[in-house]
Engineer: 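The structure is given below, and queries will be raised subsequently.
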Amino acid sequence: MDLFFWLALALLVVGVAGSILPFLPGAILSVVGVLVYWWSTGFSDPGLLWVFSLLVVGLIAIVTDYGAGVIAARVGGASTRTAILAGVVGFVLLFVLGPIGLVLGVAGTVFVIEYLEHQDTHESGRRALYTTIGVLASSVVQVLLTVSMLVGFVVAVVL
């Protein structure tokens with residue numbers, strides 16, 4: 001195994017960790033790991049089907065990472081404007097309070113905006129809860145996707 005294999009493997013492992021830890025773009029690091037190794041082999045190993053499959057999984061993980069809060073808010077019944085604002089506030093609070101800031105920012109924003117628009121605490125709370133569950137579930141999905149990329153990479157390259 002050469003230096004680029006170990007570099008790619010390290011990026012994929014850090015990608016899994018980044019799916020859990022804030023401030024690390026886990027899915028993006030996993031995609032970069034696959035692409036670095038593929039580039040280092042002259043685009044020959046792993047084969048095109050493996051690379052395509054790993055990149056599709058990586059792109060799904062990226063969309064999950066950056067869009068889960070907005071999607072969950074929409075599924076919960078919040079307006080598009082509320083969902084986008086919740087995503088922005090959650091992202092900003094992520095840098096201030098870490099993962100708790102993300103969850104509180106998204107849930108709090110959905111609750112406040114929906115309450116101001118509809119004056120219904122029950123419905124606002126339900127929508128905020130759906131959004132919070134979606135954000136938390138996205139972390140689980142991201143871990144599963146980045147772990148599957150890591151395992152798929154090892155299978156494709158080593159076996």
Side-chain angles (χ1 to χ4, degrees), residues 7-38 46 49-118 120-156:
L7 176 61
L9 190 62
L11 285 167
L12 284 154
V13 169
V14 172
V16 172
S19 297
I20 301 166
L21 302 172
F23 308 117
L24 279 177
I28 292 172
L29 291 172
S30 295
V31 167
V32 169
V34 170
L35 291 174
V36 161
Y37 184 76
W38 194 46
L49 182 59
W50 272 104
V51 170
F52 178 76
S53 299
L54 291 171
L55 292 181
V56 166
V57 172
L59 290 175
I60 292 169
I62 290 168
V63 169
T64 301
D65 188 13
Y66 295 106
V70 174
I71 293 167
R74 289 292 300 139
V75 168
S79 69
T80 302
R81 180 179 64 89
T82 300
I84 291 170
L85 285 171
V88 170
V89 170
F91 181 74
V92 170
L93 287 181
L94 174 67
F95 292 101
V96 177
L97 301 172
I100 292 172
L102 172 68
V103 172
L104 291 177
V106 169
T109 302
V110 170
F111 181 82
V112 168
I113 292 174
E114 290 297 312
Y115 180 77
L116 290 173
E117 288 180 1
H118 305 290
D120 184 349
T121 55
H122 177 73
E123 188 61 25
S124 299
R126 185 187 69 76
R127 291 176 180 178
L129 179 64
Y130 269 64
T131 304
T132 304
I133 291 170
V135 168
L136 296 174
S138 78
S139 294
V140 173
V141 171
Q142 289 173 64
V143 169
L144 293 173
L145 290 169
T146 54
V147 166
S148 70
M149 286 183 73
L150 174 62
V151 171
F153 176 79
V154 170
V155 167

Engineer: With a 4.5 Å cut-off on side-chain heavy atoms, are Trp50 and Val155 touching?
Structural biologist: yes
Engineer: Could you list all the salt bridge (Lys or Arg N to Asp or Glu O under 4.0 Å) pairs where at least one residue sits in residues 121-150, not counting sequence neighbours?
Structural biologist: Glu114-Arg127, Glu123-Arg126, Glu123-Arg127
Engineer: Calculate, to the nearest 0.5 Å, the distance between atoms NE2 and CD1 belonging to His118 and Ile113 respectively.
Structural biologist: 10.5 Å
Engineer: Just to verify, which of Leu136, Val143, Leu144 counts as forming a side chain to side chain contact (heavy atoms under 4.5 Å, CB included) with Val140?
Structural biologist: Leu144
Engineer: Locate the shortest heavy-atom distance separating Thr132 from Ala107; write the atom from each residue and the value.
Structural biologist: OG1-CB, 3.0 Å
Engineer: Please, which pairs that meet side-chain hydrogen bond (donor to acceptor under 3.5 Å, both in side chains) have at least one residue in residues 103-112, sequence neighbours excluded?
Structural biologist: none
Engineer: Work out which heavy atom in Gly105 is nearest to a heavy atom in Leu93; give both atom names and the distance.
Structural biologist: CA-CD1, 3.5 Å
Engineer: Among pairs that include at least one residue of residues 131-152, which meet salt bridge (Lys or Arg N to Asp or Glu O under 4.0 Å), considering only residues two or more places apart or in two chains?
Structural biologist: none
Engineer: With Ser30, which residues qualify under side-chain hydrogen bond (donor to acceptor under 3.5 Å, both in side chains), at least two apart?
Structural biologist: none
Engineer: For the atom pair CG (Leu49) and CG (Leu54), what is the distance rounded to the nearest 0.5 Å?
Structural biologist: 9.5 Å
Engineer: Let me confirm one number: the CG-OG distance from Leu102 to Ser139, rounded to the nearest 0.5 Å.
Structural biologist: 7.5 Å
Engineer: Going by side-chain hydrogen bond (donor to acceptor under 3.5 Å, both in side chains), name the pairs with one or both residues in residues 87-104, residues two or more places apart or in two chains.
Structural biologist: none
Engineer: Evaluate the side-chain proximity of Leu55 to Val31: yes if any heavy-atom separation is below 4.5 Å, no if none is.
Structural biologist: yes
Engineer: To the nearest 0.5 Å, tell me how far Thr80 OG1 sits from Leu85 CG.
Structural biologist: 11.0 Å
Engineer: So, for Val110 and Thr82, which heavy atoms are closest and what is the spacing to 0.1 Å?
Structural biologist: CA-CG2, 3.8 Å
Engineer: Show the nearest heavy-atom pair for residues Ser19 and Thr146, with the distance to one decimal.
Structural biologist: OG-OG1, 3.0 Å
Engineer: Output every pair passing salt bridge (Lys or Arg N to Asp or Glu O under 4.0 Å) with a member in residues 130-142, not counting sequence neighbours, ordered by first then second residue.
Structural biologist: none
Engineer: Sort and list the pairs that fulfil ring pair (Phe, Tyr, Trp, His ring centres under 6.0 Å) and have at least one residue in residues 122-141, not counting sequence neighbours.
Structural biologist: none
Engineer: Counting only heavy atoms not in Leu59 (residues, nucleotides, ligands), do more than 12 fall under 6.0 Å from its CG?
Structural biologist: yes
Engineer: Indicate yes or no: at least one non-hydrogen side-chain atom of Val154 is less than 4.5 angstrom from one of Leu9.
Structural biologist: yes
Engineer: Who pairs with Thr121 by side-chain hydrogen bond (donor to acceptor under 3.5 Å, both in side chains), at least two apart in sequence or on another chain?
Structural biologist: none
Engineer: Output every pair passing side-chain hydrogen bond (donor to acceptor under 3.5 Å, both in side chains) with a member in residues 87-105, not counting sequence neighbours, ordered by first then second residue.
Structural biologist: none
Engineer: Can you name the side chain to side chain contact (heavy atoms under 4.5 Å, CB included) partners of Val112, sequence neighbours left out?
Structural biologist: Leu116
Engineer: Measuring from Leu11:CG to Phe153:CZ, what's the distance to the nearest 0.5 Å?
Structural biologist: 9.5 Å
Engineer: Is any side-chain heavy atom of Val16 closer than 4.5 Å to a side-chain heavy atom of Met149?
Structural biologist: no
Engineer: How far apart are the closest heavy atoms of Ala27 and Gly58, and which atoms are they?
Structural biologist: CB-O, 4.0 Å
Engineer: Enumerate the residue pairs fulfilling salt bridge (Lys or Arg N to Asp or Glu O under 4.0 Å) with a member in residues 13-36, sequence neighbours excluded, ordered by first and then second residue.
Structural biologist: none
Engineer: With rounding to the nearest 0.5 Å, note down the distance linking CD in Gln142 to CG in Asp65.
Structural biologist: 4.0 Å
Engineer: Go through the structure and list residues passing ring pair (Phe, Tyr, Trp, His ring centres under 6.0 Å) with Phe91, not counting sequence neighbours.
Structural biologist: Phe95
